[in-house]
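By convention in this document, chain letters (A, B, ...) are assigned in the order of the sequence lines, proteins followed by strands, and residues within each chain are numbered from 1.
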There are 2 protein chains.
Amino acid sequence: MEDGTSPQPRHIEGTDVLPRPDETATCELRDLLDRLGDKWSLLVVELLGHRLLRFSELQRQIDGISQRMLTRTLRHLERDGLITRTVHPVVPPRVDYELTALGRSLLVAVEPLVSWTRENRPSIARARVDYDRQE
Amino acid sequence: MEDGTSPQPRHIEGTDVLPRPDETATCELRDLLDRLGDKWSLLVVELLGHRLLRFSELQRQIDGISQRMLTRTLRHLERDGLITRTVHPVVPPRVDYELTALGRSLLVAVEPLVSWTRENRPSIARARVDYDRQE
DNA sequence: CGGCATCCTAAGGGATACTG
DNA sequence: CAGTATCCCTTAGGATGCCG
């Protein structure tokens, strides 16, 4: 997605009306997904929801993340105002990451989704087995 | 991520304890993101939340999706038991997609996140401007 | 310790052409 | 109309090495 405004005419086909079904909600979801739909962002926010953590702690706790991706993810979240980055001028260096108020509000909004996943994982697993058996 | 169970020893470094910070919630989020973190899934669920839609309607309403990706996304959602696919034996063919009960419950869980995005988009935009100006 | 910079691959996903 | 199959390209993201 290389443009954020998409000023295209959208070309509705005359007879087959259907104008603007729910443009706004869709756009907002696009926004959200572009920002948090990657592999690690939400994970980091979740962990920082518990308490402040330093770089190495995050890396240890997020099993499988590379140093590079952790750094990038943190920079993204910082840029979006979701976390703060505090560098302590000591040797060896120590950098703490913490949720901002905005970040904490996001966490609240994510919670239902986490709960949903926890509760419905079995259903999904069953659905998959069914589907795979048929086809 | 090629294994879902990750039976690794996790190698905690003796002195620096930190055992299992919040393994479960993290895993659930991983699960969720692997399933819905792609470019289109949540968008489709959102649209089907309003009403039943047929293939061509979805394609028209999701601006920018390719036929291939719409098909793949729908198959995924169907496999996970989030939507149903109904083929009407007519010519030209007509295929309807609809949320299942599970899909509707997901939609409810997603709603807070959509609201959050809508409400905080300005804050994020401002944070970005600030960040970019400094650095 | 907490990063960059570089390289490289695997996967996501678009474009196009063809089919029942 | 609602797909499938093929090709191709861009990107996410891992591995490695260096540096303050």
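- A cation-pi contact, defined as under 6.0 Å to the ring centre and within 45° of the axis, is absent between A:Arg121 and A:Trp116.
- A:Gln59 comes within 4.0 angstrom of nothing in the nucleic acid, heavy atoms only.
- In this structure, A:Arg54 reaches the sugar-phosphate backbone alone: every heavy-atom distance under 4.0 Å involves primed, P, OP1 or OP2 atoms, never a base.
- In this structure, the CG atom of B:Leu33 is 11 Å from the P atom of D:dG13, given to the nearest Å.
- Of the charged side-chain nitrogens involved, at least one lies within less than 4.0 Å of a carboxylate oxygen, so that B:Glu78 and B:Arg75 count as a salt-bridged pair.
- Taking only side-chain nitrogens and oxygens, A:Arg68 never comes nearer than 4.0 Å to OP1 or OP2 of C:dC7.
- Checking each of A:Asp96, A:Leu77, A:Leu102 against A:Ile83 for a side chain to side chain contact (heavy atoms under 4.5 Å, CB included) leaves exactly one that passes, namely A:Leu77.
- When the C1' atom of C:dG2 is taken as reference, atom CE of A:Met69 falls 16 Å away, rounded to whole Å.
- Spacing between atom NE2 of A:His76 and atom P of D:dG13 amounts to 10 Å, rounded to whole angstrom units.
- Rounded to a whole Å, the CG atom of A:Asp38 is 11 Å from the P atom of D:dG14.
- For the pair B:Arg94 CZ and D:dC1 P, the interatomic distance rounds to 12 Å; values are reported in whole Å.
- Dashed line: the shortest gap from a side-chain N or O of B:Tyr97 to OP1 or OP2 of D:dC1 is not under 4.0 Å.
- Note on B:Arg35 versus B:Asp31: salt bridge recorded, some NZ/NE/NH1/NH2 to OD/OE distance being below 4.0 Å.
- For B:Gln67 and D:dA5, the CD to P distance is 13 Å, given to the nearest whole Å.
- In this structure, A:Arg72 places its CZ atom 8 Å from P of D:dG13, rounding to the nearest Å.
- Here B:Ser56 reaches the OP1 or OP2 of D:dA2: one of its side-chain N or O atoms lies under 4.0 Å away.
- Straight-line distance from the CD1 atom of B:Ile65 to the P atom of D:dA2: 14 Å, rounded to whole Å.
- Of the listed nucleotides (C:dG20, C:dG2, D:dT4), C:dG20 has the atom at the smallest distance from the side chain of B:Pro93.
- Applying the 4.0 Å criterion to OP1 and OP2 of D:dA2, one finds that B:Arg85 has every side-chain N and O outside that range.
- Between B:Asp130 and B:Arg126, none of the side-chain N atoms (NZ, or NE/NH1/NH2) sits under 4.0 Å from a carboxylate O, so this pair counts as no salt bridge.
- For D:dG14, the OP1/OP2 oxygens have a side-chain nitrogen or oxygen of A:Lys39 closer than 4.0 Å.
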